[in-house]
Amino acid sequence: MTENFYITTAISYPNGPPHIGHAYEAIAADVIARFQRLSGRNVRFQTGTDEHGLKMAQKAEELGVTPAQLANEMSAQFIAMCDSLNISYERFIRTSEEDHHRASQAIWQAMVDKGDMYLDRYEGWYSVRDEAFYNEDELIEGVDSEGQSVKLSPQGTAVEWTAEESWFFRLSKYQDRLIALYIENPNFIAPESRRNEVMKFVEGGLRDLSVSRTSFDWGVKVPGSPEHVMYVWVDALTNYLTGLGYPDPSDDMANYWPANVHLIGKDITRFHAVYWPAFLMSADIALPKQVFAHGFLLNKGEKMSKSAGNVVAPLQLAEDYGVDSLRYFLMREVIFGNDGSFSAETIVNIVNADLANSFGNLAQRTLSMLFKNCDGKLLWPLQQAEADIALESKIASACASELPQEFAAMRFSQGIEAWLRAVNACNQYVDEQAPWALKKTDPERMHVVLVTVYRCLRYLALAISPVVPASATHLLDQLGVATDQRDFAAFDDENWYANIAQSDYLVAKPVAIFPRQEVVQAKDNS
RNA sequence: GGCGGAGUAGCUCAGUUGGUUAGAGCAGUGGAAUCAUAAUCCAUUUGUCGGGGGUUCAAAUCCCUCCUCCGCUACCA
């Protein structure tokens with residue numbers, strides 16, 4: 001029986017164009033999705049945009065368009081980003097869609113039926129500028145324009161005592177069950193540092209959550225309270241269910257829920273690790289198996305911000321260095337779960353060293369010799385020497401065992417390191433065997449050596465394919481590997497090589513899969 | 001302020017039940033080779049393991065203290 005696997009990214013808030021963080025999350029999720037497919041699972045991969053909320057409404061007004069128009073325009077940009085980064089999602093969800101409103105109202109109603117929703121007043125010091133309520137003890141003393149002493153928000157903006165009618169969710173009721181969840185499922189929140197933070201937060205006591213707003217109307221209407229729209233997180237989190245057809249009983253719900261992993265940025269851990277499971281518990285829906293919070297990307301070690309003027313457009317990087325180069329760099333160089341630093345120089349460095357020089361050139365030198373010296377013919381039957389078998393066994397272990405184990409545990413950089421050791425072993429083997437010398441002394445042996453590396457290349461290409469899908473496909477095409485033989489199950493097929501070798505397949509003059517890169521100078525905007 | 005994490009070669013990081021000359025990759029340097037994308041292979045330099053103090057036969061690893069950086073500390077998303 002085939003296992004199912006459901007992975008989601010957070011849905012992006014499209015009040016601005018996609019940035020490198022969005023690209024990173026999409027790429028990481030895509031690598032996981034492709035890896036799971038390679039492992040033989042039925043994968044459902046969902047991403048999308050979170051289009052409601054005050055900020056979208058404000059941004060639309062600022063631009064003189066309706067929120068729906070803005071959402072259309074911006075979500076198109078996110079879809080375009082996914083497409084250019086080769087993101088293999090099954091569903092791109094938009095929270096403004098009709099089915100999502102229905103799903104959000106259904107989960108809301110389920111929470112009402114459970115007795116977890118009540119109407120109350122939300123009172124506090126509100127800053128219009130910050131759009132946030134503050135506690136008395138958070139406020140600072142300040143002076144207004146007339147020299148009067150006034151209370152200000154921590155950001156120094158004006159606050160006023162405000163009261164708003166709001167629906168509340170009985171979050172406090174779920175404190176103990178949440179803690180039990182974290183203890184019984186240590187991997188529910190990853191990495192561990194995030195789990196510790198969440199544990200402390202919940203142990204510190206939970207207050208009920210205000211979950212509706214009356215101050216604007218760009219959102220999902222609360223059932224029975226048309227003047228209220230849902231607090232965006234109730235609606236946003238529900239997208240993970242909407243995409244499977246909730247609330248209707250459907251095959252997708254049966255097959256894919258609960259999700260295997262919600263991949264998110266570390267800044268929204270609490271919403272996913274506290275509120276979301278509490279909502280689901282209340283609605284009697286199964287809980288996702290894991291919430292994985294990845295880190296942030298820093299531009300040369302600096303946080304990116306509009307004011308610092310160092311925001312990097314993801315598509316520009318993909319355009320400058322290639323989609324697969326960007327994907328490889330992010331998965332290889334950033335320890336998954338930690339923050340990571342990037343720069344054009346580092347990307348070029350890593351990609352040239354690993355992909356162009358080590359791996360790409362290995363393929364190029366091998367296929368080139370096969371083409372020139374053996375007319376592209378593969379060898380059958382194949383009589384390998386001890387060194388050949390030893391190499392293959394090492395490569396098979398790295399590609400079929402080490403890398404998959406690391407990837408399954410979300411340790412992508414470690415998995416890629418194991419793969420790189422295999423690549424290096426192949427280059428080492430080529431140098432030791434020196435097929436160019438054998439060409440004069442023992443052409444038969446030369447052929448065996450080249451075919452041995454050829455066989456290793458298939459392992460290497462398949463294993464790394466989730467990270468660099470287009471390039472891996474390019475190489476597998478050159479190797480003549482059938483498209484239905486490109487998964488981990490094919491590693492167990494003893495006859496794969498015999499089938500190609502005994503066919504009339506010939507290795508053609510190879511085309512470089514990873515050209516060397518050079519740093520593209522940033523355009524001067526002045 | 002409270003709680004938590006981190007500070008190891010130029011860069012990114014491994015490395016704790018305390019134990020021989022502290023490791024890897026990249027970058028650098030020297031050499032070999034010439035099939036290949038001036039790619040590859042071999043060898044190799046550099047470290048007060050954040051500062052100071054302590055425990056111990058022995059500490060990057062345990063304790064104390066100080067410095068620096070980061071995260072969390074609820075309703076923008």
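A, B, ... follow the sequence lines: proteins, then strands. Residue 1 opens every chain.
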Separation between the C1' atoms of B/C26 and B/U68, rounded to whole Å:
27 Å
Begin from the C-alpha positions of A/Arg455 and A/Asp388 and carry the test salt bridge (Lys or Arg N to Asp or Glu O under 4.0 Å) through to its verdict.
CA-CA 10 Å; A/Arg455 287 158 58 94; A/Asp388 313 336; over 6 Å; no
Report which part of the nucleic acid A/Leu420 touches: base, sugar-phosphate, or nothing (heavy-atom distance under 4.0 Å, all strands).
nothing
Suppose you measure atom C1' in B/C13 against the same atom in B/C67; what distance do you get, rounded to whole Å?
23 Å
Sticking with atom C1', work out how far B/A27 lies from B/A74, rounded to a whole angstrom.
46 Å
Assign A/Tyr231 to base, sugar-phosphate, or nothing according to its heavy-atom contacts below 4.0 angstrom with the strands shown.
sugar-phosphate
If pairing requires Watson-Crick or G-U wobble contacts with both distances under 3.5 Å, which nucleotide is the partner of B/G1?
B/U73
Mate of B/C35 across any strand shown (Watson-Crick or G-U wobble, both atom pairs under 3.5 Å) is none
Taking the P atom of each, how far is B/C42 from B/A24, in whole Å?
13 Å
How would you summarise protein contacts on nucleotides 35-41 of chain B per nucleotide, using B for base, S for sugar-phosphate only and - for none, with heavy-atom distances below 4.0 Å?
BBB-SBS
Name the nucleic acid region contacted by A/Leu171, choosing base, sugar-phosphate or nothing; use a 4.0 angstrom heavy-atom cut-off, strictly under.
base
Grab the CZ-P distance between A/Phe279 and B/A74 for me, whole Å please.
17 Å
Whole-Å gap separating P (B/G71) and NE2 (A/His294)
15 Å
Value in whole Å for how far the P atom of B/A77 lies from CG of A/Asp235:
10 Å
Pick the nucleotide of RNA chain B nearest each of A/Gly53 and A/Ser193; which residue has the one closer to the 5' end?
A/Ser193
Any strand, both distances under 3.5 Å, Watson-Crick or G-U wobble: B/A24 pairs with B/U12
Just how far, in rounded Å, is P of B/G71 from CD of A/Glu197?
10 Å
Scanning all shown strands, the Watson-Crick or wobble mate of B/A43 with both distances under 3.5 Å is B/U29
Neighbour count >12 (heavy atoms, 6.0 Å) for atom CD, A/Glu61:
no
Sub-4.5 Å side-chain heavy-atom contact between A/Phe169 and A/Tyr231
no
Whether A/Lys55 and A/Asp50 form a salt bridge (side-chain N of Lys/Arg under 4.0 Å from carboxylate O of Asp/Glu) is what I want to check.
no
Could you please spell out the steps behind the salt bridge (Lys or Arg N to Asp or Glu O under 4.0 Å) verdict for A/Lys200 and A/Glu197?
CA-CA 5 Å; A/Lys200 287 286 177 200; A/Glu197 284 176 8; over 6 Å; no
Whole angstroms only, please: what is the CE-C1' distance between A/Met230 and B/C76?
19 Å
C1'-based separation of B/A22 from B/G47 [nearest Å]
9 Å
Only pairs with both distances under 3.5 Å count, Watson-Crick or wobble alike; so what is the partner of B/G19 in this structure?
B/C57
Any side-chain to backbone donor/acceptor pair from A/Asp339 onto A/Leu297? Under 3.5 Å, distance only.
no
Of the options A/Tyr13, A/Phe296, A/Phe78, which is the one that meets A/His22 in a ring pair (Phe, Tyr, Trp, His ring centres under 6.0 Å)?
A/Phe78
Strand partner of B/A6, provided both Watson-Crick or wobble distances fall under 3.5 Å
B/U68
Using the closest heavy atom to pick a nucleotide of RNA chain B for each, name whichever of A/Thr346 or A/Asn349 lands nearer the 5' end.
A/Thr346
Expressed in angstrom and rounded to an integer, what is the separation of A/Arg207 atom CZ from B/C75 atom P?
7 Å
Sticking with atom P, work out how far B/G5 lies from B/G10, rounded to a whole angstrom.
28 Å
Check the surroundings of atom CD in A/Glu192: do more than 12 heavy atoms from other residues, nucleotides or ligands lie under 6.0 Å from it?
no
Roughly how many Å is it from CD in A/Glu333 to C1' in B/A27, rounded to a whole number?
12 Å
Work out how far the C1' atom of B/G31 is from that of B/G15, and round it to whole angstrom.
31 Å
note: A/Arg195, atom CZ; B/C72, atom P; distance rounded to Å ~ 19 Å
Whole-angstrom distance between B/G23 and B/A60, as gauged at atom C1':
12 Å
Which part of the nucleic acid, if any, lies within reach of A/Gly265 when heavy atoms closer than 4.0 Å are counted: base, sugar-phosphate only, or nothing?
nothing
To the nearest 0.5 angstrom, please state how far the CZ atom of A/Phe292 sits from the CD atom of A/Glu25.
11.5 Å
